[in-house]
Amino acid sequence: MNKPMDKSWINLEYRLDESYVKGANEFLKFAMANKLPGSEIYCPCTKCQNIKLVQEKVAYEHIIVNGFLRNYKNWIYHGEPLCTDGRDNDAARRPNLESSICDDMVGMIHDAFGIPNMDDVVDDEPSQTMEGPDIETEAYFKLLKDAECELYPEDVETKSNRPIRNYDGNNKSGRGLGGGKQFLLDDITWVQAHRYVLMNFNAIASFREKHVTLLRSERPRAGEHQICRIHNETFHIWFMDHVKQLRQTSNAQISPEVEILSAGPDQWGRRYTGYVINGFRFRTKERESKRKTQNSGVLLNASTTSFASARDRNPVEGDVSFYGVLTDIIELRYTNDLKFVLFKCDWIDNNAGRKIDEFGFTLVNFKHLLYKENRLGDEPFILASQAQQVWYVQDSLEKDWHIVVIMTPRDVFDVLAKEHMIEPQVEPYNGQHLDDNIFTNDEDSAWVMRAVDGATIDVNIVEDDDVDTESDDDVDTESDDD
């Protein structure tokens, strides 16, 4: 009986030790003596794990550099007889076998190739020597290797890991569709957009309160309606002058952000025709005019001060829903690090152009707009971060009226609402509740949409790689027969 080979060298930490090098050479000598003529041997290093066929020189380098598999003591893949602890060798060669045990894929492969279960092997049965890999053996190892691979590697996009359709760049500022185009802001647009940013930026809330207090002291007989109107029309001018005066005549600490905002934005802006934010894909009315889809409907939920008349000294504060159609998307630049994206919309006049029918549906009429002319005092802009999406369905009986359908963002589901189990992308009509008591005449209202804090746009918005393609989020408003 041959003397068993010494395999204690496998556990040595220092792989340049004389015993380790000698043991590696003895292993290779044994493996080369038992392989088929002209064939290679399986490399038992910690990286190849008896899966890769290599030449003797390569195997030696791998054993020295990477190390020998510690628990591969029964060299069944290199000509040594199969012993009762062969299961341990399978585990040594397949360190990730645990992930496959649950469906016993390896066991089925063993059965297919007639490899016995080592628990059933009797010690006194004659053992067989594996002479080397043949075609069937190589097929076995290939199947075994495939069984250990992940069904879906990390770099393969699947239903479970693909990005959401309306991906907005993981920030509250969203992203434009396409690179956008630079344009020169006209004076009215510049004032309207700048004024809205100032009215919705928390960092200057104290300045807004100070301006209102000053107006009340200067006009003690003026009503709140008049004070609000003057405040909205003149705050941006007073704010700029006030910050300049503070900087020149006092030691007041003024933040760089406040100084930048007081100076106003650049005259050059950037215009988009499509924008993705809050999980919605918006397009301007002009851009979608030749499409069969509708993505221009905008909803703003805002806190508004309403007056019963110009003399009313007890205004009503309440949340109001404004419905409109997106007409322009502009990026307002104060500095490279401080930018705002705003939506310009044709807003419905809630007094004459909005109603709720007996079934609870909200209807709007686009012949009754809040602003019919582009005047300096108008407020057609909102921050893109404040926008929600709706779409409008023409009433079959009253053609001038359109039913409002409120959309929910893609990939957002209300699991507690049974209605969403039927149609998760559309909010049920009976979920809309509006307070009729806070709507008054247009001329008696201060249309200041103070809703959500301003969002600062990251200067490094990716603009070049976005291609605006028709998505499943687009609402089809026409039939395919057109």
Side-chain angles (χ1 to χ4, degrees), residues 1-97 100 106-107 109-123 125-149:
M1 183 174 181
N2 293 333
K3 183 180 179 180
M5 297 181 63
D6 179 20
K7 301 177 182 177
S8 61
W9 60 273
I10 295 175
N11 297 320
L12 294 176
E13 296 290 342
Y14 184 54
R15 294 195 289 273
L16 294 180
D17 186 276
E18 182 179 352
S19 299
Y20 188 91
V21 174
K22 180 180 178 181
N25 285 322
E26 289 180 354
F27 163 78
L28 292 172
K29 182 179 179 181
F30 175 81
M32 296 301 291
N34 288 281
K35 75 178 185 66
L36 291 176
S39 64
E40 298 177 327
I41 64 172
Y42 286 98
C43 179
C45 78
T46 56
K47 290 189 176 180
C48 296
Q49 301 182 14
N50 284 326
I51 294 178
K52 293 184 178 180
L53 288 168
V54 299
Q55 296 179 356
E56 179 184 7
K57 181 179 179 181
V58 176
Y60 175 77
E61 293 177 353
H62 285 195
I63 293 172
I64 298 299
V65 175
N66 302 328
F68 198 96
L69 285 173
R70 290 291 180 91
N71 50 358
Y72 180 49
K73 302 294 182 63
N74 185 196
W75 299 337
I76 58 174
Y77 304 112
H78 299 88
E80 193 171 34
L82 198 65
C83 65
T84 56
D85 61 349
R87 276 292 182 190
D88 295 335
N89 289 290
D90 279 346
R93 194 187 62 78
R94 295 183 300 275
N96 295 324
L97 182 60
S100 304
V106 175
I109 296 175
H110 283 179
D111 293 339
F113 283 86
I115 297 178
N117 188 333
M118 298 315 299
D119 296 335
D120 301 331
V121 175
V122 182
D123 291 343
E125 289 184 357
S127 59
Q128 298 179 352
T129 300
M130 299 180 65
E131 298 180 354
D134 53 16
I135 296 177
E136 189 177 34
T137 304
E138 291 187 3
Y140 160 73
F141 282 120
K142 185 178 185 304
L143 281 175
L144 205 58
K145 180 180 178 181
D146 292 343
E148 296 168 7
C149 295

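The first residue in the sequence is number 1, and the count goes up from there. Because the structure is a prediction, the values reported are computed rather than measured.
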(request) Quick one: closest heavy-atom pair of P44 and I63, and the distance? (result) CG-CD1, 4.1 Å
(message) Let me confirm one number: the OH-CG distance from Y72 to N74, rounded to the nearest 0.5 Å.
(response) 7.5 Å
(message) Is it the case that over 12 heavy atoms from other parts of the model lie below 6.0 angstrom from the CD atom of E61?
(response) yes
(request) Provide the closest heavy-atom pair for E40 versus V54 in the form atom of the first, atom of the second, distance. (result) CB-O, 3.1 Å
(request) Could you tell me the separation between the CG atom of N66 and the CZ atom of R15, rounded to the nearest 0.5 Å? (result) 7.0 Å
(request) Measure the shortest side-chain to side-chain distance between L28 and K57 over non-hydrogen atoms and say whether it is less than 4.5 angstrom. (result) no
(request) State, to 0.1 Å, how close C43 and A59 come at their nearest heavy-atom pair, and which atoms those are. (result) SG-CA, 4.3 Å
(request) Could you pull out all residues at least two apart from E13 that satisfy salt bridge (charged side-chain N to carboxylate O under 4.0 Å, His left out)? (result) R70
(message) Nearest 0.5 angstrom please: T46 OG1 to H62 NE2, how far?
(response) 10.0 Å
(request) Would you please name every residue forming a ring-ring contact (aromatic ring centres under 6.0 Å, His included) with F27, sequence neighbours left out? (result) F68, W75, H78
(message) Measuring from atom CG of N25 to atom CZ of F30, what distance do you get when rounded to the nearest 0.5 angstrom?
(response) 15.0 Å
(message) List the residues meeting salt bridge (charged side-chain N to carboxylate O under 4.0 Å, His left out) with K7, not counting sequence neighbours, and say none if there are none.
(response) E80
(request) Taking all heavy atoms of L69 and all of C45, pick out the closest pair and write down the distance. (result) CG-O, 3.8 Å
(request) Just do the side-chain contact (heavy atoms from CB on, under 4.5 Å) check on Y60 and V21 with the steps written out, would you? (result) CA-CA 9 Å; Y60 175 77; V21 174; 3.5 Å; yes
(request) With the side chain counted from C-beta on, respond yes when L53 and Y42 share a heavy-atom pair under 4.5 Å apart, and no when they do not. (result) yes
